Amino acid sequence: MVDGASSGEQHADFGRESLQLNKDLEKMTEQMENVSVHLTWMAYDMVVLRTNPQLAKSLRRLEDEYLKCKAVICSSADKDNAAVHSVTGDQEAAQD
């Protein structure tokens with residue numbers, strides 16, 4: 001009887017461990033899929049930026065405009081935003 005009861009407990013423990021292992025494997029697989037997607041996008045971005053130099057300039061200009069809008073919306077007058085405004089102003093003058 002004791003052997004039968006302990007055998008049943010071992011079987012239940014094995015089932016729980018197996019279930020936990022499956023959950024862990026699914027979680028790890030999902031994480032690896034996410035990493036793979038991010039890596040693919042990074043590689044795509046690198047190829048696009050290297051094949052079209054105008055796109056890199058456009059992205060920089062878009063980022064500068066975003067920083068300007070963010071500064072206006074946040075109404076933040078700290079030194080960092082003042083430096084961003086002066087840098088973007090100098091870049092615009094150089095572009096014109």
Side-chain angles (χ1 to χ4, degrees):
M1 277 285 220
V2 174
D3 291 339
S6 65
S7 173
E9 289 175 13
Q10 288 177 350
H11 184 50
D13 288 343
F14 179 75
R16 280 185 292 234
E17 288 177 11
S18 179
L19 182 62
Q20 185 61 41
L21 179 62
N22 284 342
K23 287 180 182 179
D24 290 343
L25 287 173
E26 284 180 27
K27 183 178 177 182
M28 290 172 65
T29 302
E30 185 176 334
Q31 289 173 343
M32 290 307 299
E33 288 172 352
N34 289 336
V35 169
S36 178
V37 168
H38 288 287
L39 182 61
T40 301
W41 277 111
M42 287 173 61
Y44 174 79
D45 288 342
M46 286 178 61
V47 169
V48 169
L49 290 175
R50 289 185 182 184
T51 56
N52 187 355
Q54 293 297 327
L55 183 59
K57 288 181 183 179
S58 296
L59 287 174
R60 270 187 246 117
R61 185 168 180 227
L62 181 63
E63 183 178 12
D64 292 340
E65 296 299 323
Y66 165 76
L67 292 173
K68 285 181 187 179
C69 290
K70 182 179 175 183
V72 169
I73 291 172
C74 294
S75 308
S76 176
D78 62 352
K79 293 178 184 176
D80 291 336
N81 285 338
V84 168
H85 287 304
S86 66
V87 169
T88 54
D90 293 342
Q91 288 175 350
E92 286 178 359
Q95 288 176 356
D96 291 337

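Keep in mind that what you see is a predicted model, and the values were worked out from it rather than measured.
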Solution key, residues 13-24 side-chain donor-acceptor pairs under 3.5 Å, sequence neighbours excluded:
{"residue": "Asp13", "atom": "OD1", "partner": "Arg16", "partner atom": "NH2", "Å": "2.2"}
{"residue": "Gln20", "atom": "NE2", "partner": "Asp24", "partner atom": "OD1", "Å": "3.1"}

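Pairs passing the ring-ring contact (aromatic ring centres under 6.0 Å, His included) check and including a residue from residues 15-41, sequence neighbours excluded, read Trp41-Tyr44.
Taking a 4.5 Å side-chain heavy-atom cut-off between Ile, Leu, Val, Met, Phe, Trp and Tyr, the cluster of Val47 contains only that residue.
Met28 CE to Met32 CE: the interatomic distance, rounded to the nearest 0.5 Å, is 8.5 Å.
Every side chain to side chain contact (heavy atoms under 4.5 Å, CB included) that Glu33 has, sequence neighbours left out, goes to Thr29. The side chain to side chain contact (heavy atoms under 4.5 Å, CB included) search around Tyr66 returns Lys70, not counting sequence neighbours.
Counted within 6.0 Å of CD on Gln31, heavy atoms from surrounding residues, nucleotides or ligands total more than 12; the atom is thus considered enclosed.
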